[in-house]
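First comes the structure, then the notes that go with it.
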Amino acid sequence: MSNQTVFHLGLTRDQLENIDLVLLPGDPQRVPKIAMHLENTKTLAHLREFHSIVGERDGRRILITSTGIGGPSAAIAVEELAMLGLKNFLRIGTTGAIQEGIKAGDLIISTGAVRLDGASRHIAPIEYPAIANFEMIAALNQAAKKSGATFHCGITASSDTFYQGQNRLDSFRNGFLIRAMRDQLTELKGLNVLSYEMEAATIFTQAACYGLRAACILGVLVNRNHDEFPSDETLKKTENTVIEVAIQSLDYL
Ligand code: URA
């Protein structure tokens, strides 16, 4: 499959020669923001939610590809990148904290994800754990420590829906939930889950099943015990912090 493109990403193996690590933001607009931290960057493709830029850090070639929102599109990105020879997957995302004491602007390193998504169930049975790679967690941990940012390590939850699956009140039906979803936030909080996001469980499950490595670092946009909506300032600042720490972690990977 050297020059043959994959179904969605519009990338070929030739373009990705000597690249074994990919940074995975959800938002395609975050791709150029991450690329600003690399040298010799080049846009390779931008199809649907999948925006790919290649660049270098200290002479090492790194790919950045956005996954879009949620497990289904993240699963396509990881599947096709694995087919193209990528081996290390680092998600750079945002999250809503559910534990008191975690503040907007803090970082979370996800050690494993509660599989509330649907996509990972197509890849492995629900008993299979969605866990991050140990060496990649350690690299993120070192970079976060060095940065001086406040960070937390622990289990996060990946939901397919942003509103119902994360028990939000600011929805069209003012927080109406089916029985299966009611009090889920309280239950996860009681299980010491740190936060909600939407892609880690799918990416961790895929990587572990395929014998590849994945990890995830998240910027906290809101604490769901108090807020549902971040300020523009928090959004910008948190996005910058999570990108900087993820980039620094490359030194340990
Ligand atoms: N991403 C999510 O999935 N939930 C949040 O609350 C914030 C970012």
Side-chain angles (χ1 to χ4, degrees), residues 11 15-44 51-67 74 77-78 81-82 84-95 102 105-113 131-156 194-195 197 199-200 203-204 206-208 210-220 236-253:
L11 301 171
Q15 291 174 314
L16 306 183
E17 217 179 320
N18 300 324
I19 304 181
D20 69 352
L21 188 140
V22 57
L23 303 174
L24 299 172
D27 182 356
Q29 292 188 29
R30 210 171 286 147
V31 173
K33 292 180 191 168
I34 299 171
M36 281 167 50
H37 296 263
L38 303 180
E39 288 141 25
N40 301 324
T41 57
K42 186 178 172 201
T43 297
L44 297 182
H51 187 184
S52 294
I53 295 183
V54 69
E56 284 176 15
R57 183 174 162 84
D58 299 329
R60 177 184 181 190
R61 295 188 83 211
I62 307 281
L63 177 68
I64 313 162
T65 297
S66 53
T67 62
V78 171
L81 290 166
L84 291 163
L86 272 294
K87 299 206 173 342
N88 301 288
F89 299 81
L90 176 51
R91 165 162 158 69
I92 305 174
T94 55
T95 194
I102 303 182
D106 290 0
L107 301 180
I108 291 179
I109 297 167
S110 174
T111 55
I131 47 172
N133 174 266
F134 174 74
E135 288 100 346
M136 292 183 79
I137 296 172
L140 288 169
N141 195 56
Q142 262 184 286
K145 260 191 201 160
K146 197 172 168 197
S147 75
T150 304
F151 72 101
H152 313 264
C153 277
I155 294 168
T156 52
L194 303 187
S195 71
E197 57 78 65
E199 295 83 16
I203 296 170
F204 290 172
Q206 258 176 313
Y210 300 171
L212 306 172
R213 306 199 307 173
C216 169
I217 185 160
L218 302 161
V220 177
K236 211 170 154 192
K237 214 170 132 211
T238 308
E239 192 179 54
N240 287 338
T241 311
V242 74
I243 290 172
E244 277 162 24
V245 174
I247 291 286
Q248 290 299 325
S249 79
L250 299 176
D251 293 349
Y252 307 106
L253 278 170

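Values in this document were obtained by computation on a predicted structure and should not be read as measured data.
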Donor-acceptor contact below 3.5 Å, side chain D20 vs main chain K87: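 It does not hold such a pair.
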Has R61 got a side-chain atom pairing as donor or acceptor with V54's backbone, closer than 3.5 angstrom? no
Pair up each side-chain donor or acceptor in residues 28-41 with any protein partner under 3.5 Å, not counting sequence neighbours, and list the distances.
unit_1: R30; atom_1: NE; unit_2: E239; atom_2: OE2; d: 2.8
unit_1: K33; atom_1: NZ; unit_2: E239; atom_2: OE1; d: 3.0
unit_1: N40; atom_1: ND2; unit_2: E56; atom_2: OE1; d: 3.1

Contact between L44 and L16 at the side-chain level, heavy atoms closer than 4.5 Å - yes or no?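 They are in contact (side-chain heavy atoms under 4.5 Å apart), so the answer is yes.
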Between T238 and T94, is any pair of side-chain heavy atoms under 4.5 Å apart?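 They are not in side-chain contact.
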Contacts of A207 that satisfy side chain to side chain contact (heavy atoms under 4.5 Å, CB included) - sequence neighbours left out: L212, A214
Residues two or more places apart in sequence or in another chain: which of them pass side chain to side chain contact (heavy atoms under 4.5 Å, CB included) with S195? T95, I108, T156, L218
Within this structure, what is the [atom1]-[atom2] distance for the pair [X] and [Y], rounded to the nearest 0.5 Å?
| X | Y | atom1 | atom2 | answer |
| --- | --- | --- | --- | --- |
| L194 | I102 | CG | CD1 | 4.5 Å |
| H152 | D106 | NE2 | CG | 3.5 Å |
| I109 | C216 | CD1 | SG | 9.5 Å |
| T67 | I92 | OG1 | CD1 | 11.0 Å |
| I217 | C153 | CD1 | SG | 8.5 Å |
| T111 | I131 | OG1 | CD1 | 9.0 Å |

For T65, enumerate each residue passing the side chain to side chain donor-acceptor pair (under 3.5 Å) test, keeping only those at least two apart in sequence or located in another chain. S52
Mind running side-chain contact (heavy atoms from CB on, under 4.5 Å) on R213 and L21 for me, showing each step along the way? CA-CA 9 Å; R213 306 199 307 173; L21 188 140; 5.9 Å; no
Determine whether V78 and L24 satisfy the following criterion, side-chain contact (heavy atoms from CB on, under 4.5 Å), listing intermediate values before the conclusion. CA-CA 9 Å; V78 171; L24 299 172; 4.2 Å; yes
Which heavy-atom pair separates [X] from [Y] by the least distance, and what is that distance?
| X | Y | value |
| --- | --- | --- |
| H51 | S66 | N-OG, 2.8 Å |
| E199 | A74 | CG-CB, 4.0 Å |
| A132 | F204 | CB-CZ, 3.7 Å |

Would you list the atom pairs, donor with acceptor, under 3.5 Å between side chains in residues 241-253 and any protein atom, with sequence neighbours excluded?
unit_1: T241; atom_1: OG1; unit_2: K237; atom_2: O; d: 2.9
unit_1: S249; atom_1: OG; unit_2: A246; atom_2: O; d: 2.6
unit_1: D251; atom_1: OD1; unit_2: R57; atom_2: NE; d: 3.3
unit_1: D251; atom_1: OD1; unit_2: R57; atom_2: NH2; d: 2.9
unit_1: D251; atom_1: OD2; unit_2: R57; atom_2: NH2; d: 3.2

Sequence neighbours left out, cut at 3.5 Å: what donor-acceptor pairs do the side chains of residues 140-150 make with other protein atoms?
unit_1: S147; atom_1: OG; unit_2: A144; atom_2: O; d: 2.7
unit_1: S147; atom_1: OG; unit_2: A149; atom_2: N; d: 3.1

